[in-house]
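A short worksheet on the structure shown next.
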Amino acid sequence: MGTPLEPRDAQAEEVVDRLMEEYPDSTISLRYSNRLELLIAVILSAQCTDERVNKETEHLFAKYDGPEDYASVDEEELAEDLNSITYYNSKAGYIKSSARDIIEKHDGEVPDTMDELTELSGVGRKTANVVLQHGHDVVEGIVVDTHVQRISRRLGLTEEKRPEAIEPDLMEIVPEDVWQQYTHLLIDHGRATCTARNPDCDDCVLADICPSEKGDSDIDLASGEAW
DNA sequence: CTCCCGATAT
DNA sequence: ATATCAGGAG
C-alpha cells in the first residue's frame, strides 16, 4: 500500500514519461574521451552552447593531453585557444588552476566527490554533478542548469528560483532512478520546443498539463518569469 | 549583487 | 539591437 501521489509527484512522473517518449535517446551532448576532458568541457559550457564547446574542444583536446599540459601552458595562450567561447579569460584561469590542483592534490586524477570537485576553480554544484554522473557513475543529485531551472518552473514542478533550492525540491518529486534522465530530457525539450524566448507551445507534448501554456491565464506572468 | 563575453537566433 | 547559451567567482 503506497501513499497516494501528491499532485507534484504525479506531474513529475507524467512529464518524464512523455518526454522519454519524445526524446528516447536523450543524453549528454558534450564530447569527451576521458574524465579530464569531461571536466573541461563542462567548465567551458557555462553560458555557452554545447555545439560551440564541441567545436572548440575538438582542437583543444588534440593540442592538450593530460593535466600537465593545461597546468604548464601560458594562461594567455590557453585563453587564445578558447577565444570563441564565452568568458574565455575566466575559463582559461579556471582550467589552469583546476589542472594544477588535480596534479598536486589529487594525484593527477579528477576527484570523485562533491566536496573535492567543488573546491576546484570554476566548478560549482552543477558542473560537479555532471562530472559525478557521467565521469564516475555517481548520481547524488539533479543537475540544474538554465533549461532545468526554466522548464521546471514553467511546468509548476517547483516555485523556487535559485538552482541550489530547486535541486532538493526536485529530488523530492522526481523518482531517483530517473534523476540523470530528467536533466537530459528537459535540456532537449528546452532546445527544441520550450525555448527561453519564444516557446512553441502549439507543438509541445506537455501543453495540456503545463500551467504556463499560452492561452491559460492562471499562472503565466506570475513571479517574474518572462512569459 | 556584478562581472565575465563571443556566437547565434530573433 | 537584444536575448540567450548545460554558471561560477568575487
Side-chain angles (χ1 to χ4, degrees), chain A residues 19 23 25-32 35 37-60 75-76 78-101 110-111 114-135 139 141-154 160-167 170 174 179-203 214 224-227:
Chain A
L19 292 183
Y23 312 100
D25 301 318
S26 186
T27 186
I28 188 168
S29 57
L30 295 170
R31 292 203 273 96
Y32 59 94
R35 287 167 181 157
E37 291 187 356
L38 171 62
L39 173 65
I40 290 170
V42 182
I43 289 175
L44 292 177
S45 71
Q47 294 294 295
C48 192
T49 61
D50 283 17
E51 188 179 359
R52 173 138 304 279
V53 172
N54 286 336
K55 185 170 285 188
E56 281 294 318
T57 55
E58 184 177 351
H59 303 108
L60 192 74
E75 192 171 318
E76 290 185 13
L78 182 55
E80 282 184 28
D81 291 330
L82 303 175
N83 66 14
S84 74
I85 301 280
T86 53
Y87 316 141
Y88 55 88
N89 283 311
S90 300
K91 289 172 180 176
Y94 298 156
I95 290 169
K96 192 169 162 61
S97 170
S98 290
R100 264 200 303 266
D101 283 352
V110 175
M114 177 64 68
D115 286 345
E116 290 174 316
L117 281 167
T118 52
E119 281 177 18
L120 298 175
S121 178
V123 180
R125 189 170 176 89
K126 177 257 170 180
T127 299
N129 264 327
V130 175
V131 172
L132 284 175
Q133 293 186 10
H134 293 278
V139 182
I142 294 178
V143 174
V144 179
D145 75 324
T146 182
H147 296 291
V148 173
Q149 178 178 26
R150 178 182 71 252
I151 299 174
S152 297
R153 286 175 49 77
R154 284 180 177 174
E160 298 289 348
K161 295 183 177 179
R162 295 157 39 248
E164 317 87 85
I166 291 175
E167 184 182 352
L170 291 175
V174 177
W179 282 359
Q180 188 170 330
Q181 267 306 93
Y182 179 83
T183 297
H184 296 311
L185 292 169
L186 265 61
I187 289 174
D188 277 356
H189 194 56
R191 288 171 176 161
T193 303
C194 194
T195 56
R197 226 195 298 191
N198 184 28
D200 186 9
C201 300
D202 293 337
D203 192 37
K214 289 173 182 171
E225 254 311 291
W227 198 250

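Just so it is clear: chains get the letters A, B, ... in the order the sequence lines come, proteins before strands, and each one is counted from 1. In this text the structure is predicted, and so the values were computed from the model without any measurement.
Side-chain contact between T57(A) and L30(A) is absent, with no heavy atoms from C-beta onward closer than 4.5 Å. Contact of the E164(A) side chain with the R125(A) side chain is not registered, since no non-hydrogen atoms from C-beta on lie closer than 4.5 Å.
For dA3(C), its base sits under 3.5 Å from the side chain of R197(A) at one donor and acceptor pair at least.
When distances are taken from the side chain of A196(A) to each of dG8(C), dC5(C), dA6(C), the shortest belongs to dC5(C). If you check dC5(B), dG8(C), dA7(B) against the side chain of N89(A), the one that comes closest is dC5(B). Set against dT8(B), dG7(C), dG6(B), the side chain of S84(A) has dG6(B) as its closest nucleotide.
Here the P atom of nucleotide dA6(C) and the CG atom of L38(A) are 16 Å apart, to the nearest Å. Computed from coordinates, the Y87(A) OH to dC3(B) C1' distance equals 8 Å when rounded to whole Å. Between the P atom of dA7(B) and the CG atom of N54(A) lies a distance of 17 Å, rounded to the nearest Å. When the P atom of dA6(C) is taken as reference, atom CG of D145(A) falls 7 Å away, rounded to whole Å. Regarding D200(A), its CG atom lies at a distance of 17 Å from the P atom of dA9(B), rounded to whole Å. Regarding L44(A), its CG atom lies at a distance of 12 Å from the C1' atom of dG7(C), rounded to whole Å. Between R52(A) atom CZ and dC5(B) atom C1' there is a gap of 13 Å when expressed in whole angstrom units. To the nearest angstrom, P of dT2(B) lies 15 Å from CD of Q47(A).
Using a 4.0 Å cut-off, no side-chain N or O of T146(A) falls inside it from OP1 or OP2 of dA6(C). Under 4.0 angstrom from either OP1 or OP2 of dA6(C) there lies at least one side-chain N or O belonging to R191(A). Under 4.0 angstrom from either OP1 or OP2 of dG8(C) there lies no side-chain N or O belonging to R125(A). At the phosphate of dG8(C), OP1 or OP2 sits under 4.0 Å from a side-chain N or O atom of T127(A).
Among the protein residues, I28(A) comes within range of the nucleic acid bases, having at least one heavy atom under 4.0 Å from a base atom. Contacts of V123(A) with the nucleic acid, taken as non-hydrogen atoms under 4.0 Å apart, involve only primed sugar atoms and P, OP1 or OP2. T86(A) comes within 4.0 angstrom of a base, heavy atoms only. Residue-level contact check: L120(A) touches the backbone only, with heavy atoms under 4.0 Å from sugar-phosphate atoms and none from bases.
Q149(A) places a side-chain N or O within donor-acceptor distance of the main-chain N or O of K161(A), the cut-off being under 3.5 Å. A distance-only check finds a donor-acceptor pair linking the side chain of T86(A) to the backbone of A46(A) [under 3.5 Å]. Listed for the S97(A) side chain is no donor-acceptor partner under 3.5 Å among the backbone atoms of Y94(A). Side-chain N or O atoms of S98(A) include one that pairs as donor or acceptor with a backbone N or O of S121(A) at under 3.5 Å.
Toward the 5′ end of DNA chain B lies the nearest nucleotide of Y88(A), the other residue of the pair Y88(A) and N198(A) mapping further downstream. If S29(A) and S121(A) are placed on DNA chain C by their nearest nucleotide, the residue sitting closer to the 5' end is S29(A).
The separation of dA6(C) from dT10(B), taken at their P atoms, amounts to 14 Å, rounded to a whole angstrom.
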